[in-house]
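In the text below, chain A, chain B and the rest are named by the order of the sequence lines, each starting its count at 1.
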Amino acid sequence: MVCYLLTKPTNPLNKKQNKKIFWLLVEEQLPTTIRPPLPIIHSRKLAFPPKFKAPRQVWVSNMDTVEEEKLGLIDLHPEVFAERPRVDIIHENVRWQQLYRHVSYANTKMRYEVRGGGKKPRQQKGSGRSRHGSIRSPIWRGGGIVHGPRSPTPYFYMLGFNTRLNGLRSTLSAKLAQDDLHIVDSLDIPTDDPSYLEKLVEERGWGPAVLFVDDNDIMPLNITAASDSYGHYNLMPVYGLNVYSMLKHHTLVLTLAAVERLEERLLFHLNRNDAASAGQKYRLDSV
Amino acid sequence: MASVAARSFVFRQQMNTRRFDFASCLNIKSFYSSYSANPKEKSPENYTQYHEVSSDNWKFVERLKPPTVVPSFPKNGSCFSDWTPPPDTPPNLPYFVKRTKNFMVPVYLNFEAVRNQRKITMVKHIEGDIWALEKAIKSHLEEVTKRQVVSQVHEVAMYIKFRGDYVLHVKKWLLNAGF
């Protein structure tokens, strides 16, 4: 469905014509189920071809129909999608993603903040009782807390680059190994009806929560409108892909363009020549 | 809520489709996070134009730039150092030790414990049966050094550590094994 917004030309001197009339022209696009002979996508050149590890092959499906139609078979790079999943690294990534933005607002008052306590309660000597300087000292009931929480306390830290990189590799490998990774040609669906998307996901046995990942952050209109009413169908550009979201959603659906971009970026970082010098400016303990 | 959001997406979509005319001609990709998606951004004709002077001389610039990715090693010829290239076929063993991205054997000397007193030989990038590899290397080291060798096998991170400085022995063993 393509929408055009049209306005009539207005004359500033003519008040009558100043009323802007908006015309909404809606063109219905016929659903295209006519396809060239299959397989459409049958080969894909891998960057940094793996020497001894076999590429993983996955089906490429369509989003045009509710029933799954396999359009072809592609290779996925084993260093990205067939890496031994490091559960400890995945855990570190999830912990980092949850904690780096956390700010604790818990607060307790110290002895100088608690109301009162400026005057010496009784004279130093003569009363026979213990000596004190303030009624709000930490040993007193109602006194200040010495090492309590102090608001706001940030818990920001940056996980190492390679830990985050390997977290993505481990999670993608785990998703593929557990049959939770699907490749589609594009995210173009024929209608913006939310029930179409629901039927599609149910028919194919994709998990309750699905994460659709595309290369561009401007997504097609239909899938944007269809998934908008569901909290568990989410659209994401490749640059937003993260371990927490991949684990939160049961199924991960990547477009071909997303796979290309993802592999290109991850393999570049795995094979780059200047990793040490590129990361120098982010080191905390060096000038 | 869906209709309101859909309408806003309609507006945003066709706003960007209008701008796509310039972008698509010049093959510039327009993201929400890019400058070209900004409403204040004008079409490229309004900005400083550029034209190619000579594309033949670009090779002189390119050869000055360092390579972005690790270049492949020359297949023929020997090195003056004792570096040997990785083999074309893997050895027929239940384990495999992959070379680093710079084609080096992944054996390192670490200094651990208080005040860096303990020397540890670490073997990384191990795939397959790590225990069999550990047994093989350990027996070789004990034969060569004629003393007991203490080792640690980390199955999750897939590395082996030997207490002592056996880097050269382990590297030689790995090269002889065909890794």
Side chain, backbone, both or neither of B:Pro66 within contact of chain A (heavy atoms, under 4.5 Å): neither
Sub-4.5 Å side-chain heavy-atom contact between A:Asp274 and B:Thr68: no
Exceeds 12 heavy-atom contacts within 6.0 angstrom, atom CD of B:Gln148: no
Atom CE of B:Met104 with >12 non-hydrogen neighbours under 6.0 angstrom: no
Side chain / backbone / both / neither for A:Arg272 at chain B, heavy atoms under 4.5 Å: both
Region of A:Ile89 in contact with chain B, defined by heavy-atom distances below 4.5 Å: neither
Neighbour count above 12 (heavy atom, 6.0 Å) for A:Phe48 CZ: yes
Neighbour count above 12 (heavy atom, 6.0 Å) for B:Lys172 NZ: no
Greater than 12 external heavy atoms within 6.0 Å of B:Asn102's CG: yes
Lys/Arg-Asp/Glu bridge criterion (N-O < 4.0 Å) met for B:Glu155, A:Arg84: no
OH (B:Tyr47) with more than 12 external heavy atoms under 6.0 Å: yes
Heavy-atom check, side chain of A:Lys51 versus side chain of B:Pro90, under 4.5 Å: no
Neighbour count above 12 (heavy atom, 6.0 Å) for A:Lys248 NZ: no
Heavy-atom pairs under 4.5 Å with chain A, option from B:Thr89, B:Val69, B:Asp88 with the top count: B:Val69
Region of A:Ala226 that comes under 4.5 Å of a non-hydrogen atom in chain B: neither
Pair A:Asp88-B:Val156, side chain to side chain contact (heavy atoms under 4.5 Å, CB included): steps then yes or no: CA-CA 8 Å; A:Asp88 59 326; B:Val156 175; 3.7 Å; yes
N/O donor-acceptor pair under 3.5 Å between B:Lys101 side chain and A:Asn273 backbone: no
